[in-house]
Amino acid sequence: MKRTRPLPDCHPELSVLEWPSFREYRVENWRLARDGSGNIVRGATSWGWIDLCLPLVISFIWPRFRDNTVSCAFAVLVVGFSIYCRCTQVLHESVLVFPAYGIQLETHRGYPLLKPLFVSRRFIHASLLEDFIINEGLRRWNIRYYLAAVRGSSTDKITLDVAFENILPYFPVLLEVYQGVQELMF
């Protein structure tokens, strides 16, 4: 396996992993600060001060309402929801290109300091893959570019499978992935 970062200065969140039979384009969920300092701004946040204060607040409220089952259930739901939100953050998204077989779109979720807990995968067979495009969409007052796999079917129905749909990287990253997929698949 060979790992490269084709855009190291401006977009180091993109890395390309080359294996003998396939290539992976991985975009991690962080960016560099735009002030030129070189600091990393993480999209997948770690524990914050609210998460640290939550057990203190519950321990303060618990003795007053320990006989009240509704309050206990509410406290358990709040703590459970907080843990769930922290452990289902998007860590990175990938486009895996298998030249003879097709492409696979992956989303890895979990806690930032641990290995991914959940992985969702969508495979698009080469016979169904009609094209891989950079498209633009409107979001409020912004124009956002995104990668999409155009998938056909036997019923002449065309669907778009969006790559990096949670992270939405910048255009130079999309262009690098687009050129790599076009080179290997078409």
Side-chain angles (χ1 to χ4, degrees), residues 1-32 40-45 84-140 142-186:
M1 186 228 6
K2 179 179 138 187
R3 182 178 190 148
T4 59
R5 295 195 185 270
L7 305 170
D9 297 334
C10 54
H11 298 287
E13 69 267 18
L14 172 69
S15 59
V16 179
L17 293 99
E18 293 188 44
W19 299 83
S21 59
F22 68 93
R23 189 181 299 170
E24 177 182 3
Y25 294 93
R26 179 182 293 180
V27 176
E28 297 174 8
N29 194 10
W30 57 269
R31 293 187 173 94
L32 290 179
I40 294 175
V41 178
R42 296 198 182 275
T45 60
Y84 173 78
C85 288
R86 293 296 180 203
C87 292
T88 57
Q89 300 174 59
V90 175
L91 300 177
H92 67 270
E93 292 184 305
S94 300
V95 173
L96 282 81
V97 182
F98 302 94
Y101 303 107
I103 63 171
Q104 181 168 303
L105 309 175
E106 292 185 354
T107 301
H108 296 255
R109 296 176 183 271
Y111 186 69
L113 300 177
L114 302 174
K115 290 185 178 181
L117 298 173
F118 309 103
V119 179
S120 64
R121 295 180 172 100
R122 293 174 293 173
F123 184 76
I124 303 167
H125 195 271
S127 63
L128 298 175
L129 183 65
E130 292 188 12
D131 202 359
F132 195 75
I133 60 172
I134 296 179
N135 207 358
E136 62 183 20
L138 297 174
R139 182 178 179 190
R140 296 185 186 144
N142 292 334
I143 295 176
R144 297 297 304 232
Y145 295 98
Y146 61 93
L147 281 172
V150 180
R151 182 173 42 148
S153 67
S154 59
T155 61
D156 293 333
K157 181 180 170 186
I158 294 177
T159 58
L160 293 179
D161 289 316
V162 178
F164 312 123
E165 64 185 340
N166 297 301
I167 296 177
L168 290 175
Y170 293 109
F171 186 77
V173 173
L174 298 177
L175 185 61
E176 187 72 28
V177 175
Y178 169 78
Q179 290 172 344
V181 171
Q182 291 291 332
E183 171 189 329
L184 291 173
M185 289 300 295
F186 301 107

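It should be emphasised that the depicted structure is a prediction, and the values quoted were computed from it without experimental measurement.
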A.B. asks: Could you go step by step and tell me if V150 and L160 meet the side-chain contact (heavy atoms from CB on, under 4.5 Å) rule?
C.D. replies: CA-CA 5 Å; V150 180; L160 293 179; 3.6 Å; yes
A.B. asks: To the nearest 0.5 Å, what is the distance between NE2 (H108) and OG (S120)?
C.D. replies: 8.0 Å
A.B. asks: Provide the closest heavy-atom pair for L147 versus Y178 in the form atom of the first, atom of the second, distance.
C.D. replies: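 So the two residues come closest at CD2-CB, 3.9 Å.
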A.B. asks: Between L174 and F164, does the side-chain contact (heavy atoms from CB on, under 4.5 Å) criterion hold? Intermediate values first, please.
C.D. replies: CA-CA 9 Å; L174 298 177; F164 312 123; 4.2 Å; yes
A.B. asks: For residues P169 and L14, determine if any side-chain heavy atom of one lies less than 4.5 Å from a side-chain heavy atom of the other.
C.D. replies: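 P169 vs L14: side chains apart.
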A.B. asks: Side chains of T88 and F118: does their closest heavy-atom pair fall under 4.5 Å?
C.D. replies: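 Yes; the side chains approach each other to less than 4.5 Å.
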A.B. asks: Classify the ring geometry of Y170 against H11: parallel below 30°, tilted from 30° to 60°, perpendicular beyond 60°.
C.D. replies: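 Rings of Y170 and H11: tilted, as their planes differ by 30° to 60°.
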A.B. asks: Just say parallel, tilted or perpendicular for the rings of F22 and W19, cut-offs at 30° and 60°.
C.D. replies: parallel
A.B. asks: Rounded at 0.5 Å granularity, tell me how far CZ in R151 sits from OG1 in T159.
C.D. replies: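 Answer rounded to 0.5 Å: 4.0 Å.
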A.B. asks: Using the rule given for side-chain contact (heavy atoms from CB on, under 4.5 Å), can you reason through V173 versus E13, listing the C-alpha separation, both sets of side-chain angles and the distance that settles it, and then say yes or no?
C.D. replies: CA-CA 9 Å; V173 173; E13 69 267 18; 3.9 Å; yes
A.B. asks: Can Y25 and R23 be counted as having a side-chain donor-acceptor contact under 3.5 angstrom?
C.D. replies: yes
A.B. asks: Could you grab the distance from atom CZ of F123 to atom CG of D161, nearest 0.5 Å is fine?
C.D. replies: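 It comes to 12.0 Å.
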A.B. asks: So do V95 and E24 actually touch side chain to side chain, heavy atoms under 4.5 Å?
C.D. replies: no
A.B. asks: Please name the residue in the list R122, R121, R26 that meets the salt bridge (charged side-chain N to carboxylate O under 4.0 Å, His left out) test with E106.
C.D. replies: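 Looking at R122, R121, R26, the match for E106 under the salt bridge (charged side-chain N to carboxylate O under 4.0 Å, His left out) is R121.
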A.B. asks: Between N29 and Q89, is any side-chain donor less than 3.5 angstrom from a side-chain acceptor?
C.D. replies: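 Judged by distance alone, the side chains do not pair up.
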A.B. asks: Hey, does the side chain of R144 reach the backbone of L168 with a donor-acceptor pair shorter than 3.5 angstrom?
C.D. replies: yes
A.B. asks: Once rounded to the nearest 0.5 Å, what's the spacing between atom CG of L91 and atom CG of N166?
C.D. replies: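 Here the interatomic distance stands at 11.0 Å.
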A.B. asks: Just by modelled atom types, is the M1 backbone N or O under 3.5 Å from a matching donor or acceptor in the E18 side chain?
C.D. replies: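 No.
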A.B. asks: How close do A163 and L105 get, counting heavy atoms only, and between which atoms?
C.D. replies: CB-CD2, 3.8 Å
A.B. asks: Tell me the closest heavy-atom pair linking P99 and V97, and the distance in Å.
C.D. replies: CD-O, 3.5 Å
A.B. asks: Is R139 atom CZ crowded by more than 12 heavy atoms from other residues, nucleotides or ligands, each under 6.0 Å away?
C.D. replies: no
A.B. asks: Of all the heavy-atom pairs spanning A126 and A100, show the shortest one and how long it is.
C.D. replies: CB-O, 4.3 Å
A.B. asks: Is a side-chain donor or acceptor of Q182 paired with a backbone partner of F132 at a separation under 3.5 angstrom?
C.D. replies: yes
A.B. asks: Do the side chains of M185 and L129 get nearer than 4.5 Å, heavy atoms only?
C.D. replies: yes
A.B. asks: Looking at every heavy atom in both R5 and S15, which two are closest together, and how far apart are they?
C.D. replies: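 Closest heavy-atom pair between R5 and S15: NH1-CB, 3.7 Å.
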A.B. asks: What verdict does the side-chain contact (heavy atoms from CB on, under 4.5 Å) test give for E165 and Y146, after you've listed the backbone C-alpha separation in whole Å, the side-chain angles of each residue and the deciding distance to 0.1 Å?
C.D. replies: CA-CA 8 Å; E165 64 185 340; Y146 61 93; over 6 Å; no
A.B. asks: Hey, what do you get for CD1 (I124) to CD1 (I103), rounding to the nearest 0.5 Å?
C.D. replies: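 If I round to the nearest 0.5 Å, the distance is 4.5 Å.
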A.B. asks: Nearest heavy-atom pair of I167 and V27: which atoms, and what distance?
C.D. replies: CD1-O, 3.3 Å
